[in-house]
Protein chains: 2
Amino acid sequence: MMIQYKTKPTAEACLASINAVRDALYVLNGKWKMPLIIALVNGPKRFKDIQRSLQDITPKVLSKELRDLEMNEFVERKVFDTVPVTVLYELTPYADTLGPILEALRAWGTEHRQRIVESRRSEPVAV
Amino acid sequence: MMIQYKTKPTAEACLASINAVRDALYVLNGKWKMPLIIALVNGPKRFKDIQRSLQDITPKVLSKELRDLEMNEFVERKVFDTVPVTVLYELTPYADTLGPILEALRAWGTEHRQRIVESRRSEPVAV
DNA sequence: GATACCGGTATCCTTTTGGATAGTAGTATC
DNA sequence: GATACTACTATCCAAAAGGATACCGGTATC
């Protein structure tokens, strides 16, 4: 049997990173959460306005995603007693701490799309 | 009817950000992809070693995730003609461009866990 | 001969995710 | 009176993600 260094320094650090990223993904995972947060960075929006920003999201899914974000304290739901009622969704200060993640994803996504487009150009066309 | 500024500068920029993030998520989404990439940052690993790093991942899922990462050019699979064969999975230079995203997630995840732990401390215990 | 390691597959199943479609109460508008 | 808006909910369904379990051929080890 081989002697295993179960806690090699690099292995330990690696495991810690993996777990930290898993913790982050646990609340941010999914198709809509981060795009939805971005949709609110320029100020609070109403339900239908968000739906328009994120074209293609159905009301059921949007409603569920908003509830998730509320539970994780990224979003606050504010109801105004107008007639008919107005509901605004607003980012919390805690959501602001996601800035670096969102900016990194935005930057990388932009480059990635460029890369894909360019690689398509040099490929034969498949029918 | 209200006149809508369909292409307000901020709305345009917002939409571009949303789409960029969506592009990024399209290849990075899921429970395992980013943790898996981190498991390989300290050098190439063998199948079983990765499985041990990401405790709990089943071979079927790991195999699928590795194939996905290979298709997106984040990982290269290298087979060595030993007896029995040795297979190494190694990050490509393109995977290195994910550095800022992973680092941002790691940092945020670490803080987030702290926050959760602290908020649990001040809560009544539910049975 | 039994067991263990390697690099996976095969099969089956559950859960989660996401979507399509329709509908609701209330107001306002044409 | 018909239609449209807001902020959703209800129902049903398809697809994807993820997991449990078992297994394979080959080698090596006890």
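Naming: A, B, ... by sequence-line order, numbering from 1 per chain. Nothing here was measured: the structure is a model prediction, and the numbers come from that model.
- Here B:Trp32 reaches the OP1 or OP2 of D:dG19: one of its side-chain N or O atoms lies under 4.0 Å away.
- The side chain of B:Arg52 lies closest to C:dC6, out of C:dC6, D:dT9, C:dG8.
- OP1 and OP2 of D:dA7 both lie 4.0 Å or more from every side-chain N or O belonging to A:Ser63.
- The base of D:dG18 sits with one of its N or O atoms less than 3.5 Å from a complementary donor or acceptor on the side chain of B:Lys60.
- Along DNA chain D, the nucleotide nearest to A:Asn29 and the one nearest to A:Val85 differ in position, and the one closer to the 5' end is contacted by A:Val85.
- In this structure, A:Asp81 places its CG atom 15 Å from P of C:dG26, rounding to the nearest Å.
- The side chain of B:Lys48 lies closest to C:dG7 when the candidates are C:dT9, C:dG7, D:dT9.
- At a threshold of 4.0 angstrom between heavy atoms, the contacts of B:Glu65 are confined to the sugar-phosphate backbone, with no base atom among them.
- With rounding to whole Å, A:Lys31 atom NZ is found 11 Å from D:dA16 atom P.
- A:Val27 is listed as a side-chain neighbour of A:Phe74, based on a closest heavy-atom distance under 4.5 Å.
- The side chain of A:Arg46 places an N or O atom within less than 4.0 Å of a non-bridging phosphate oxygen (OP1 or OP2) of D:dA7.
- Under a 3.5 Å cut-off, the side chain of B:Lys45 and the backbone N or O of B:Ala39 do form a donor-acceptor pair.
- Here CD of A:Gln51 is found 6.0 Å from CG of A:Leu62. Values are rounded to the nearest 0.5 Å.
- When the P atom of D:dA20 is taken as reference, atom NZ of B:Lys64 falls 16 Å away, rounded to whole Å.
- Residue A:Tyr26 qualifies as open at atom OH: its count of foreign heavy atoms under 6.0 Å is 12 or below.
- When the P atom of C:dT9 is taken as reference, atom CD1 of B:Ile57 falls 13 Å away, rounded to whole Å.
- Atom CG of B:Leu62 and atom P of C:dC6 are 14 Å apart (whole Å).
- Distance NZ (A:Lys45) to C1' (D:dA7): 17 Å, rounded to an integer number of Å.
- Between the CZ atom of A:Arg67 and the C1' atom of D:dA7 there is a distance of 12 Å, given to the nearest Å.
- Closest to the A:Phe47 side chain, of the nucleotides D:dG19, D:dA7, C:dG18, is D:dA7.
- The line from NZ of B:Lys78 to CG of B:Leu88 is 8.0 Å long, rounded to the nearest 0.5 Å.
- Taking atom CZ on A:Phe80 and atom P on D:dA7, their separation rounds to 11 Å, with Å as the unit.
- Of all nucleotides listed (D:dT6, D:dG19, C:dG18), D:dG19 comes nearest to the side chain of B:Val61.
- Neither OP1 nor OP2 of C:dT16 sits under 4.0 Å from any side-chain N or O of A:Tyr26.
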